[in-house]
Amino acid sequence: MTPADATASDARLQPVAFGELEGWAGDDHGAALRAFRRTCEAVLADLPPLRPASAAHDLRPACEAGLRVPDGEARAFFERWFSPARVVPASGAGFLTGYFEPEYEGALEPGAGFATPLLARPDDLVTIPQGETAPGLPPGLQAARRGIDGVLEPYPDRAAIENGALGALARPIVWMRHPSEAFIIHVQGSARVRLPDGGVVRVAYAGRNGHPFTAIGRILVERGEIPLPEMNLERLVGWLKDHPDAARDLMRQNRSYIFFRRADELDPADGPIGGAGVPLTPGRSLAVDRTLWSYGLPVWLTGELPRPEGAPEPLARLMIAQDTGSAIVGPARGDFFWGSGAEAGTRAGLTRQRIGFTVLLPRPAPAP
(Lines give C-alpha, C1' and ligand atoms only; values in the text may rest on other atoms or scores of the structure.)
Protein backbone atom coordinates (compact mmCIF):
# COMPACT_ATOMS: atom_id res chain seq x y z
CA MET A 1 0.00 0.00 0.00
CA THR A 2 2.22 2.80 -1.23
CA PRO A 3 0.30 4.87 -3.81
CA ALA A 4 0.66 8.60 -3.36
CA ASP A 5 -3.08 9.07 -3.05
CA ALA A 6 -3.53 6.41 -0.33
CA THR A 7 -5.34 7.74 2.72
CA ALA A 8 -5.93 6.84 6.35
CA SER A 9 -9.05 8.63 7.59
CA ASP A 10 -8.47 12.35 6.91
CA ALA A 11 -4.72 11.96 6.28
CA ARG A 12 -2.66 11.45 3.16
CA LEU A 13 -0.01 8.71 3.08
CA GLN A 14 3.11 9.93 1.27
CA PRO A 15 5.56 7.17 0.28
CA VAL A 16 9.14 7.96 1.29
CA ALA A 17 12.47 6.13 1.21
CA PHE A 18 14.22 5.01 4.38
CA GLY A 19 17.04 7.39 3.50
CA GLU A 20 14.59 10.28 3.81
CA LEU A 21 13.75 9.45 7.43
CA GLU A 22 15.68 11.94 9.54
CA GLY A 23 17.92 10.09 12.01
CA TRP A 24 16.98 6.62 10.74
CA ALA A 25 20.56 5.31 10.61
CA GLY A 26 21.28 6.33 14.21
CA ASP A 27 18.41 4.55 15.96
CA ASP A 28 18.69 1.34 17.98
CA HIS A 29 16.80 -0.89 15.56
CA GLY A 30 17.55 -3.94 17.70
CA ALA A 31 15.52 -2.48 20.57
CA ALA A 32 12.60 -1.89 18.20
CA LEU A 33 12.91 -5.42 16.83
CA ARG A 34 12.75 -6.93 20.32
CA ALA A 35 9.51 -5.04 20.99
CA PHE A 36 8.18 -6.04 17.56
CA ARG A 37 8.86 -9.73 18.24
CA ARG A 38 6.69 -9.63 21.36
CA THR A 39 3.72 -8.60 19.29
CA CYS A 40 4.57 -11.13 16.59
CA GLU A 41 4.06 -14.08 18.88
CA ALA A 42 0.44 -12.97 19.35
CA VAL A 43 0.03 -12.06 15.65
CA LEU A 44 1.06 -15.56 14.56
CA ALA A 45 -1.25 -17.10 17.17
CA ASP A 46 -4.08 -15.16 15.45
CA LEU A 47 -5.35 -13.69 18.70
CA PRO A 48 -8.37 -11.41 18.09
CA PRO A 49 -6.79 -8.11 19.23
CA LEU A 50 -3.96 -8.63 16.75
CA ARG A 51 -6.06 -9.16 13.64
CA PRO A 52 -5.30 -6.43 11.08
CA ALA A 53 -7.33 -3.22 11.07
CA SER A 54 -6.75 -3.24 7.30
CA ALA A 55 -5.86 -5.87 4.72
CA ALA A 56 -2.78 -3.74 4.00
CA HIS A 57 -1.54 -4.34 7.56
CA ASP A 58 -0.99 -8.12 7.37
CA LEU A 59 2.11 -8.61 9.51
CA ARG A 60 2.32 -12.39 9.39
CA PRO A 61 5.05 -12.70 6.72
CA ALA A 62 7.17 -10.01 8.41
CA CYS A 63 6.61 -11.60 11.82
CA GLU A 64 7.70 -15.03 10.62
CA ALA A 65 10.91 -13.46 9.31
CA GLY A 66 11.40 -11.19 12.34
CA LEU A 67 11.41 -14.04 14.82
CA ARG A 68 14.44 -15.50 13.04
CA VAL A 69 16.47 -12.31 12.52
CA PRO A 70 19.40 -11.53 14.89
CA ASP A 71 19.30 -8.14 16.61
CA GLY A 72 22.38 -7.09 14.67
CA GLU A 73 20.45 -7.33 11.42
CA ALA A 74 17.42 -5.40 12.68
CA ARG A 75 17.85 -2.35 10.44
CA ALA A 76 18.14 -4.50 7.33
CA PHE A 77 15.09 -6.47 8.43
CA PHE A 78 12.85 -3.41 8.71
CA GLU A 79 14.13 -2.05 5.39
CA ARG A 80 13.50 -5.40 3.69
CA TRP A 81 10.03 -6.09 5.04
CA PHE A 82 8.43 -2.62 5.28
CA SER A 83 7.72 0.46 3.16
CA PRO A 84 7.64 3.86 4.93
CA ALA A 85 4.65 6.12 4.36
CA ARG A 86 4.63 9.55 5.93
CA VAL A 87 1.24 10.36 7.46
CA VAL A 88 0.18 13.87 6.45
CA PRO A 89 -2.94 14.77 8.46
CA ALA A 90 -5.31 17.54 7.50
CA SER A 91 -4.06 19.49 10.53
CA GLY A 92 -0.55 19.46 9.08
CA ALA A 93 1.24 17.68 11.95
CA GLY A 94 0.97 14.73 14.25
CA PHE A 95 0.52 15.00 18.00
CA LEU A 96 2.20 12.98 20.74
CA THR A 97 1.28 12.61 24.40
CA GLY A 98 2.80 10.32 27.01
CA TYR A 99 1.61 7.75 29.51
CA PHE A 100 3.14 5.55 32.20
CA GLU A 101 2.50 2.87 34.81
CA PRO A 102 1.90 4.57 38.19
CA GLU A 103 3.27 3.21 41.46
CA TYR A 104 1.18 3.98 44.55
CA GLU A 105 0.61 2.55 48.02
CA GLY A 106 -2.44 0.33 48.41
CA ALA A 107 -3.92 -2.55 50.36
CA LEU A 108 -5.90 -5.70 49.67
CA GLU A 109 -8.46 -4.79 52.34
CA PRO A 110 -10.05 -1.41 53.23
CA GLY A 111 -9.01 0.47 56.35
CA ALA A 112 -5.92 2.22 57.72
CA GLY A 113 -6.38 5.05 55.25
CA PHE A 114 -7.13 2.86 52.24
CA ALA A 115 -10.69 3.68 51.23
CA THR A 116 -10.85 4.04 47.43
CA PRO A 117 -11.28 0.78 45.49
CA LEU A 118 -10.17 -0.34 42.07
CA LEU A 119 -12.94 -2.60 40.80
CA ALA A 120 -12.84 -5.87 38.88
CA ARG A 121 -14.74 -6.15 35.61
CA PRO A 122 -18.46 -6.62 36.39
CA ASP A 123 -20.19 -9.71 35.04
CA ASP A 124 -22.84 -7.69 33.19
CA LEU A 125 -20.39 -5.51 31.23
CA VAL A 126 -20.58 -5.98 27.45
CA THR A 127 -17.73 -4.45 25.45
CA ILE A 128 -18.55 -3.06 22.02
CA PRO A 129 -15.58 -3.33 19.62
CA GLN A 130 -14.01 -0.01 18.70
CA GLY A 131 -15.67 1.48 15.64
CA GLU A 132 -18.85 -0.58 16.00
CA THR A 133 -22.27 0.30 17.40
CA ALA A 134 -25.04 -1.68 19.06
CA PRO A 135 -28.82 -1.38 18.49
CA GLY A 136 -30.56 0.94 20.90
CA LEU A 137 -27.37 2.56 22.24
CA PRO A 138 -26.31 6.16 21.61
CA PRO A 139 -23.49 6.48 19.05
CA GLY A 140 -20.03 6.53 20.57
CA LEU A 141 -20.67 4.27 23.55
CA GLN A 142 -18.10 1.48 23.66
CA ALA A 143 -19.75 -0.67 26.34
CA ALA A 144 -23.16 -1.53 27.74
CA ARG A 145 -24.89 -3.64 30.35
CA ARG A 146 -27.22 -6.47 29.52
CA GLY A 147 -30.52 -6.17 31.35
CA ILE A 148 -32.56 -9.08 32.65
CA ASP A 149 -34.56 -9.03 29.39
CA GLY A 150 -31.33 -9.31 27.39
CA VAL A 151 -31.59 -5.80 25.97
CA LEU A 152 -28.42 -3.68 26.01
CA GLU A 153 -28.54 -0.37 27.83
CA PRO A 154 -25.92 2.31 28.61
CA TYR A 155 -23.59 1.37 31.43
CA PRO A 156 -23.57 3.59 34.56
CA ASP A 157 -21.11 6.46 34.39
CA ARG A 158 -18.38 7.31 36.91
CA ALA A 159 -20.62 9.22 39.29
CA ALA A 160 -23.27 6.49 39.32
CA ILE A 161 -20.70 3.75 39.90
CA GLU A 162 -19.12 5.67 42.76
CA ASN A 163 -22.61 6.13 44.23
CA GLY A 164 -23.17 2.37 44.29
CA ALA A 165 -25.01 1.69 41.01
CA LEU A 166 -23.26 -1.66 40.55
CA GLY A 167 -24.38 -3.09 43.87
CA ALA A 168 -23.01 -6.59 44.41
CA LEU A 169 -21.34 -6.46 40.99
CA ALA A 170 -18.77 -4.03 42.42
CA ARG A 171 -15.87 -6.28 43.44
CA PRO A 172 -12.79 -4.41 44.75
CA ILE A 173 -9.45 -6.00 43.98
CA VAL A 174 -7.29 -3.42 45.77
CA TRP A 175 -7.80 -0.26 47.82
CA MET A 176 -5.95 3.03 47.29
CA ARG A 177 -5.15 5.81 49.75
CA HIS A 178 -6.57 8.71 47.79
CA PRO A 179 -9.26 9.13 45.10
CA SER A 180 -6.83 11.12 42.95
CA GLU A 181 -4.40 8.20 42.83
CA ALA A 182 -7.18 5.83 41.79
CA PHE A 183 -8.20 8.35 39.13
CA ILE A 184 -4.67 8.52 37.69
CA ILE A 185 -4.60 4.72 37.53
CA HIS A 186 -7.89 4.87 35.59
CA VAL A 187 -6.35 7.30 33.13
CA GLN A 188 -3.17 5.25 32.67
CA GLY A 189 -4.91 1.85 32.64
CA SER A 190 -2.42 -0.03 34.84
CA ALA A 191 -0.41 0.30 38.05
CA ARG A 192 2.03 -1.22 40.49
CA VAL A 193 0.43 -1.17 43.94
CA ARG A 194 2.85 -1.36 46.89
CA LEU A 195 1.27 -3.26 49.81
CA PRO A 196 1.94 -2.60 53.53
CA ASP A 197 3.88 -5.90 53.84
CA GLY A 198 6.30 -4.84 51.10
CA GLY A 199 4.70 -6.88 48.35
CA VAL A 200 3.62 -5.49 45.00
CA VAL A 201 0.40 -6.19 43.10
CA ARG A 202 0.19 -5.37 39.40
CA VAL A 203 -3.23 -4.36 38.08
CA ALA A 204 -4.10 -4.31 34.38
CA TYR A 205 -6.94 -2.93 32.30
CA ALA A 206 -9.93 -5.28 32.09
CA GLY A 207 -12.62 -3.10 30.53
CA ARG A 208 -14.36 0.25 30.67
CA ASN A 209 -17.90 1.49 31.01
CA GLY A 210 -17.80 2.87 27.48
CA HIS A 211 -18.51 6.54 28.17
CA PRO A 212 -16.24 9.10 26.47
CA PHE A 213 -13.03 10.21 28.17
CA THR A 214 -12.80 13.82 29.37
CA ALA A 215 -9.41 15.35 30.23
CA ILE A 216 -9.91 17.08 33.57
CA GLY A 217 -6.54 18.82 33.28
CA ARG A 218 -7.88 20.73 30.29
CA ILE A 219 -10.89 21.79 32.37
CA LEU A 220 -8.61 23.19 35.08
CA VAL A 221 -6.63 25.11 32.47
CA GLU A 222 -9.82 26.53 30.94
CA ARG A 223 -11.01 27.61 34.40
CA GLY A 224 -7.71 29.39 35.05
CA GLU A 225 -6.86 27.13 38.01
CA ILE A 226 -3.51 26.05 36.51
CA PRO A 227 -1.75 27.86 33.62
CA LEU A 228 -1.26 25.65 30.57
CA PRO A 229 2.59 25.84 30.64
CA GLU A 230 2.51 24.61 34.26
CA MET A 231 0.03 21.78 33.76
CA ASN A 232 1.64 18.43 34.49
CA LEU A 233 0.89 15.33 36.53
CA GLU A 234 2.31 16.71 39.78
CA ARG A 235 0.31 19.94 39.55
CA LEU A 236 -2.86 18.04 38.67
CA VAL A 237 -2.59 15.54 41.53
CA GLY A 238 -1.60 18.31 43.94
CA TRP A 239 -4.70 20.32 43.01
CA LEU A 240 -6.96 17.28 43.42
CA LYS A 241 -5.57 16.56 46.89
CA ASP A 242 -5.74 20.21 47.97
CA HIS A 243 -9.39 20.60 46.86
CA PRO A 244 -11.09 17.31 47.81
CA ASP A 245 -14.71 18.46 47.45
CA ALA A 246 -14.18 20.24 44.15
CA ALA A 247 -11.95 17.39 42.98
CA ARG A 248 -14.74 14.85 43.43
CA ASP A 249 -17.06 16.84 41.18
CA LEU A 250 -14.28 17.51 38.67
CA MET A 251 -13.25 13.86 38.36
CA ARG A 252 -16.86 12.91 37.79
CA GLN A 253 -16.90 15.09 34.69
CA ASN A 254 -14.83 12.30 33.17
CA ARG A 255 -17.72 9.85 32.87
CA SER A 256 -15.40 7.07 31.69
CA TYR A 257 -14.67 4.42 34.34
CA ILE A 258 -12.03 1.67 34.09
CA PHE A 259 -12.15 -1.84 35.53
CA PHE A 260 -9.06 -3.90 36.37
CA ARG A 261 -7.70 -7.36 36.98
CA ARG A 262 -4.70 -8.58 38.92
CA ALA A 263 -1.82 -9.19 36.54
CA ASP A 264 0.10 -11.70 38.64
CA GLU A 265 1.56 -13.28 35.52
CA LEU A 266 3.79 -10.28 34.82
CA ASP A 267 7.49 -10.44 35.53
CA PRO A 268 8.65 -7.47 37.67
CA ALA A 269 10.91 -6.42 34.80
CA ASP A 270 8.02 -6.34 32.31
CA GLY A 271 5.91 -3.34 31.51
CA PRO A 272 2.13 -3.46 31.86
CA ILE A 273 -0.08 -5.29 29.37
CA GLY A 274 -1.16 -3.12 26.45
CA GLY A 275 -4.15 -3.44 24.17
CA ALA A 276 -2.26 -5.92 22.00
CA GLY A 277 -2.14 -8.29 24.95
CA VAL A 278 1.66 -8.20 25.36
CA PRO A 279 3.86 -6.36 27.90
CA LEU A 280 4.78 -2.83 26.90
CA THR A 281 8.38 -1.74 26.40
CA PRO A 282 9.38 1.68 27.82
CA GLY A 283 10.42 4.04 25.06
CA ARG A 284 9.39 1.65 22.27
CA SER A 285 5.65 1.00 22.77
CA LEU A 286 3.17 3.40 21.20
CA ALA A 287 -0.58 3.69 21.65
CA VAL A 288 -2.38 4.44 18.37
CA ASP A 289 -5.88 4.75 16.98
CA ARG A 290 -6.80 1.07 16.66
CA THR A 291 -9.56 1.80 14.13
CA LEU A 292 -6.88 2.96 11.68
CA TRP A 293 -3.66 1.14 12.53
CA SER A 294 -3.07 -2.49 13.43
CA TYR A 295 -1.20 -3.56 16.52
CA GLY A 296 2.37 -4.48 15.68
CA LEU A 297 2.93 -1.85 12.99
CA PRO A 298 6.27 -0.06 13.32
CA VAL A 299 5.92 3.75 13.48
CA TRP A 300 8.79 6.20 12.97
CA LEU A 301 8.52 9.34 15.11
CA THR A 302 10.52 12.55 14.67
CA GLY A 303 10.46 15.72 16.72
CA GLU A 304 11.38 16.42 20.34
CA LEU A 305 10.78 14.86 23.74
CA PRO A 306 10.51 17.13 26.80
CA ARG A 307 12.82 17.03 29.79
CA PRO A 308 11.84 18.19 33.30
CA GLU A 309 14.73 20.63 33.14
CA GLY A 310 16.69 22.03 30.24
CA ALA A 311 16.17 21.82 26.52
CA PRO A 312 14.10 19.04 24.93
CA GLU A 313 15.91 16.02 23.52
CA PRO A 314 15.70 15.11 19.83
CA LEU A 315 13.27 12.36 18.91
CA ALA A 316 14.05 10.04 15.99
CA ARG A 317 12.86 6.61 17.04
CA LEU A 318 11.16 3.49 15.75
CA MET A 319 8.17 2.61 17.92
CA ILE A 320 5.81 -0.37 17.81
CA ALA A 321 2.01 0.06 17.94
CA GLN A 322 1.05 -2.06 20.96
CA ASP A 323 -1.70 -0.15 22.73
CA THR A 324 -4.64 2.20 22.26
CA GLY A 325 -6.78 4.55 24.33
CA SER A 326 -10.09 6.34 24.17
CA ALA A 327 -8.32 9.70 23.78
CA ILE A 328 -5.99 8.46 21.01
CA VAL A 329 -7.97 9.36 17.94
CA GLY A 330 -6.66 10.21 14.48
CA PRO A 331 -4.14 8.96 11.93
CA ALA A 332 -1.10 10.83 13.30
CA ARG A 333 -1.95 10.61 17.00
CA GLY A 334 0.31 8.67 19.34
CA ASP A 335 0.78 8.05 23.07
CA PHE A 336 4.39 7.35 24.10
CA PHE A 337 4.88 4.77 26.88
CA TRP A 338 7.55 6.08 29.26
CA GLY A 339 7.73 3.21 31.75
CA SER A 340 6.87 2.83 35.46
CA GLY A 341 7.14 5.08 38.50
CA ALA A 342 7.38 8.75 39.37
CA GLU A 343 10.11 9.76 36.91
CA ALA A 344 8.25 8.16 34.02
CA GLY A 345 5.11 9.95 35.23
CA THR A 346 6.89 13.30 35.14
CA ARG A 347 8.08 12.75 31.57
CA ALA A 348 4.67 11.49 30.50
CA GLY A 349 2.92 14.49 32.01
CA LEU A 350 5.16 16.87 30.07
CA THR A 351 4.70 15.16 26.72
CA ARG A 352 2.44 17.24 24.47
CA GLN A 353 4.44 17.50 21.28
CA ARG A 354 3.91 18.12 17.60
CA ILE A 355 5.64 15.23 15.84
CA GLY A 356 6.32 13.68 12.47
CA PHE A 357 4.50 10.35 12.12
CA THR A 358 5.60 7.78 9.54
CA VAL A 359 4.03 4.34 9.47
CA LEU A 360 5.99 1.34 8.14
CA LEU A 361 3.54 -0.70 6.07
CA PRO A 362 4.37 -4.40 5.62
CA ARG A 363 5.45 -5.65 2.25
CA PRO A 364 4.06 -8.96 0.98
CA ALA A 365 6.15 -12.06 1.30
CA PRO A 366 8.35 -12.64 -1.77
CA ALA A 367 7.25 -15.24 -4.24
CA PRO A 368 8.92 -18.62 -3.65
Can you list, pair by pair, the side-chain donor-acceptor contacts under 3.5 Å of residues 180-198, counting residues two or more places apart and other chains?
residue: Ser180; atom: OG; partner: His178; partner atom: ND1; Å: 2.8
residue: Glu181; atom: OE2; partner: Lys241; partner atom: NZ; Å: 3.2
residue: His186; atom: ND1; partner: Arg158; partner atom: NH2; Å: 3.2
residue: His186; atom: ND1; partner: Ile258; partner atom: N; Å: 3.2
residue: Gln188; atom: OE1; partner: Phe100; partner atom: N; Å: 2.9
residue: Arg192; atom: NE; partner: Glu101; partner atom: OE1; Å: 2.8
residue: Arg192; atom: NE; partner: Ser340; partner atom: OG; Å: 3.4
residue: Arg192; atom: NH1; partner: Pro268; partner atom: O; Å: 3.1
residue: Arg192; atom: NH2; partner: Pro268; partner atom: O; Å: 3.2
residue: Arg192; atom: NH2; partner: Asp270; partner atom: O; Å: 3.0
residue: Asp197; atom: OD1; partner: Gly199; partner atom: N; Å: 2.9

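- Taking the side chain as every heavy atom from C-beta outward, Thr346 and Asn232 never approach each other to under 4.5 Å.
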Please list, one pair per line, the donor and acceptor atoms closer than 3.5 Å that link side chains of residues 160-170 to other protein atoms, with sequence neighbours excluded.
residue: Glu162; atom: OE1; partner: Arg252; partner atom: NE; Å: 2.8
residue: Glu162; atom: OE1; partner: Arg252; partner atom: NH2; Å: 3.4
residue: Asn163; atom: OD1; partner: Arg252; partner atom: NH2; Å: 2.9
residue: Asn163; atom: ND2; partner: Ala159; partner atom: O; Å: 3.3

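- Around the CD atom of Glu313, the shell of radius 6.0 Å holds more than 12 heavy atoms that belong to other residues, nucleotides or ligands.
- At most 12 non-hydrogen atoms from other residues, nucleotides or ligands lie less than 6.0 angstrom from CZ of Arg60.
- Within a 6.0 Å sphere centred on CD of Glu22, other residues, nucleotides and ligands contribute 12 heavy atoms or fewer.
- Remark: Asp289 does not engage Arg333 in a salt bridge, criterion side-chain N to carboxylate O under 4.0 Å.
- Connection of Val201 to Phe259 is not established within any shared hydrophobic cluster, with ILVMFWY side chains joined at heavy-atom distances below 4.5 Å, either directly or through further cluster members.
- From Ser285, atom OG reaches atom OH of Tyr295 across 11.5 Å, with rounding to the nearest 0.5 Å.
- Cluster membership for Leu236 and Trp338, using ILVMFWY side-chain heavy atoms within less than 4.5 angstrom, is not shared.
- Using the six-membered ring where Trp is involved, His29 and Phe78 have ring planes that are tilted, between 30° and 60° apart.
- Proximity of Leu286 to Gln322: side-chain heavy atoms (C-beta onward) are nowhere separated by under 4.5 Å.
- Side-chain atoms of Trp293 and Val299, non-hydrogen and from C-beta on, never get closer than 4.5 Å to each other.
- A 4.5 Å side-chain heavy-atom check between Trp300 and Arg86 finds every atom pair outside the cut-off.
- Under the 4.5 Å side-chain criterion, counting only non-hydrogen atoms from C-beta, Asn209 is in contact with Ser256.
- Two residues are said to be in side-chain contact when any heavy atoms from C-beta on lie closer than 4.5 Å; Leu292 and Val288 fail this criterion.
- Atom CG of Leu228 is separated from atom CD of Glu222 by 10.0 Å, given to the nearest 0.5 angstrom.
- Using a 4.5 Å cut-off on side-chain heavy atoms (C-beta onward), Arg307 and Arg347 make contact.
- Aromatic rings of Phe337 and Tyr99 (six-membered ring for Trp) have centroids within the 6.0 Å cut-off, being under it.
- In the displayed structure, Glu20 atom CD is contacted under 6.0 Å by more than 12 heavy atoms of other residues, nucleotides or ligands.
- Thr127 and Arg121 form a side-chain donor-acceptor contact under 3.5 Å, judged by distance and modelled atom types alone.
- For the pair Met231/Arg218, no side-chain contact is recorded, criterion being any heavy-atom separation below 4.5 Å from C-beta on.
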